[in-house]
There are 2 protein chains.
Amino acid sequence: MFFETVAGPFAAAACPLLSSNLVPPKKHGPYTTESVDDYLKAILELGGPQEEQVAGNSLAHHLGIRAASVTGMLQKLAAQKPPLVKYEKHRGVRLTPAGKMRALEVLRHHRLLERFLHDFLDYSWDEVHDEAERLEHFISEKLEDRIAAKLGDPETDPHGHPIPERSGALPARQEVLLPRWACGIPAVVSSVSDHDPSLLREMTRLGLKPGVAITVEAGTRNASLLVRIGDRADRVRLSQSLASGISVLPR
Amino acid sequence: MFFETVAGPFAAAACPLLSSNLVPPKKHGPYTTESVDDYLKAILELGGPQEEQVAGNSLAHHLGIRAASVTGMLQKLAAQKPPLVKYEKHRGVRLTPAGKMRALEVLRHHRLLERFLHDFLDYSWDEVHDEAERLEHFISEKLEDRIAAKLGDPETDPHGHPIPERSGALPARQEVLLPRWACGIPAVVSSVSDHDPSLLREMTRLGLKPGVAITVEAGTRNASLLVRIGDRADRVRLSQSLASGISVLPR
DNA sequence: TAGTTAAATTAGGAATGCCTAAATTCTGGG
DNA sequence: CCCAGAATTTAGGCATTCCTAATTTAACTA
C-alpha cells in the first residue's frame, strides 16, 4: 500500500503538525510557506509510492531552480525542529513523518480546491490546477473542513487523483499508465495528468475522463495507440503524450 | 461622491493594472505581494473619503511595524513604474490612480471573499475577516469573477461594507457613527466594524446587524447609549466600544 | 586502477522587508 | 528668532531564498 503508515501516529486530532505550526512564523522577510511546501510536495511526488530517496538535481529541475539552492534549502529543512526531511549528503533526501504529513496536507488542500473550483465555481478541469496551486498554501484548516463538508468529503479531484484524508491516509491504487497496458484487455480510466491544460482539453474533446471504459486495440505505431473509448463504435489514435497522461485500472 | 474619479480612466477591461501586473515578478526572495497590498490598503483606509495625505507614523501604527520601515517601503512604492503612491518627504503619502486601483481591487477581493465564506461556506460573520485577509492577495481575476457571479454581484459584505465594482467604483454613503447620531431620530444600521470578533458576537446576541432599525433614546451616561433595537419593546444600553463599531443612515 | 564525467556542495553575492540607533527636519511656544 | 520635542529619515544589520562560479565528491569506463 501507499501511505498507510502515516495514518496511525499522525491521526488528525492528535497531530500538532498541521499548517502553520510547522512553518516558523514569518519574522521579517519571508520564510515563505510556499517555498517549504513546494519542496515537500516535490519530494513526495518524485519519491513515488516507495518513497525512495530523491536526488537534489531532480528536485531542482522539478522546482525550476538551481541545484545549489536546493542543497541549501534541504539543509535547512533537515535542521528544523522537528526535521521535515532526512537528508544525506550526496545521496538524496526523504521526507520525515512530519514532512510527509505537511506534504499530504498541502496535497489535500490542492485536490479539495480543484474539486471545489470545478464543482461549485464552474471551472473546467483544465483551469483548476493553477488556481489551486496558488491557494493551497493559504487556506486554513477551518476552510479546508468547510470545503470538504460542502463537497460531501469527495474521494478524488476532477482528474481522478485521490484526496488524502485529514489524517494523512491516502488510498493505495494500482494504476498503470496507458502505454503500458496490454492490448485487448478492458480497462477504465482512473486518472489523468493535470499539468498540461491543452492535453486536458484534447481529452475533453475525445470524451476521455476518469470512469470511462477504454480498450487498447493496437500499440506503438510511431509510439501512438489505437484505442476504443467508451461505447464508441470507432477507434481513436492517441499520441504518445496524450496516452502517457492517462492512468487506468482493470475493468 | 467617493471614488468616482477612478471609474473612468481605469475601467475594467481597459485597465492593465490588475493583480499580478502591478507587482514585479518575484525574483529571488520575495517582493511580497501581501506587503505591498497591505500598504496600499492602509493608505486607502487611513486617507479617508477625502483621500488626505497619510502620515508615516500612522501607517506604521496601523501595520504594526516601525516608522523607519514605512519610509523605506514608501520610497520603493513611489519609485515603481507606474508609481503606486505619491510620496513627499516629511509630508505624507497619497495613492496614485494606479495605487488606488490596486487597493480597491484588493478591497473587492476581501469583501467578496467575506460574503462568499459567509453565504456559501457557513462562516459566521465574526470568522470571515481573518480568512479573507489571508486569501485576498492570491485569488485570480477569474476566481474573483466566478465568486461574484455565484453570489449574484452582491453590493455589500456581511458587515454591510460596500464592495467596490470591478471598475474600481465604490458607492458613496453618508454613514455616521452611532455615538454621533442624534437622540430620537430614526436610523438604520448600515455597517458594523469587522475587526473585533468578540464585538461582532455581542452584536449577534443583541440582534444588531445591517438593515436593522435603531433609535437612540438617551446618550452618554459614562459614554454609553440607551438604544431601541428593531421592533423590541425594551431598550438596551450599548457600551462605548460597541456603539462606535456601528454606523447608521437615516431611516 | 586511473581518468573522465556527472552530481552535489561550498563560497560569495543580490534582492527583499524588517529592525535599532543615530541623524535630520519640521512644528509650535517662548 | 531660537529651542525643545515630535516626526521622519538615514545608516547599518539581520534573516530569508535565490543566483553564479568554483570546488569537491561520487560514479562509471576503459
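Being a predicted model, the structure only gives us computed values, none of them experimental. Here is the naming used below: chain letters follow the sequence lines, and residue numbers restart at 1 for every chain.
- Per the geometry, CG belonging to D37(A) stands 12 Å off P belonging to dT17(D), to the nearest Å.
- OP1 or OP2 of dA8(C) has at least one side-chain nitrogen or oxygen of N57(A) nearer than 4.0 Å.
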Give the table of side-chain donor-acceptor pairs shorter than 3.5 Å for residues 52-67 of chain A, with sequence neighbours excluded, one pair per line with atom names and distance.
from   : atom 1 : to     : atom 2 : distance (Å)
Q53(A) : NE2    : E88(A) : OE1    : 2.6
S58(A) : OG     : A55(A) : O      : 2.9

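- You'll find that the side chain of R66(A) is closest to dC19(D), out of dC19(D), dC18(C), dT17(D).
- Rounded to whole angstrom, the span from the CD atom of Q53(B) across to the C1' atom of dT8(D) amounts to 14 Å.
- Summarising the geometry, the separation between CG on L59(A) and P on dT17(D) is reported as 15 Å, rounded to the nearest angstrom.
- Rounding to whole angstrom units, CG of residue L77(B) and P of dC18(C) are separated by 10 Å.
- Residues passing the side chain to side chain contact (heavy atoms under 4.5 Å, CB included) test with L177(B) are P179(B), R180(B), S247(B), sequence neighbours excluded.
- Every ring pair (Phe, Tyr, Trp, His ring centres under 6.0 Å) that H195(A) has, sequence neighbours left out, goes to H129(A).
- The separation between E34(A) atom CD and dT16(C) atom P is 17 Å, rounded to whole Å.
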Where do N or O atoms of nucleotides 9-11 of chain C meet protein N or O atoms at under 3.5 Å, pair by pair?
from    : atom 1 : to     : atom 2 : distance (Å)
dT9(C)  : OP1    : Y87(A) : OH     : 2.2
dT9(C)  : OP1    : H90(A) : N      : 3.0
dT9(C)  : OP2    : T71(A) : OG1    : 2.8
dT9(C)  : OP2    : Y87(A) : OH     : 2.7
dT10(C) : OP1    : K89(A) : NZ     : 2.5
dT10(C) : OP2    : Q75(A) : NE2    : 2.7

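- OP1 or OP2 of dT16(C) has not a single side-chain nitrogen or oxygen of S35(B) nearer than 4.0 Å.
- With sequence neighbours left out, the side chain to side chain contact (heavy atoms under 4.5 Å, CB included) criterion links D130(A) to no other residue.
- When the C1' atom of dT17(D) is taken as reference, atom CD1 of I65(A) falls 9 Å away, rounded to whole Å.
- For the side chain to side chain contact (heavy atoms under 4.5 Å, CB included) test, residues two or more places apart in sequence or in another chain that qualify with A78(A) are V85(A), Y87(A).
- A donor-acceptor pair is defined here as one N or O able to donate and one able to accept, closer than 3.5 Å; such a pair exists between the side chain of T96(B) and the backbone of P83(B).
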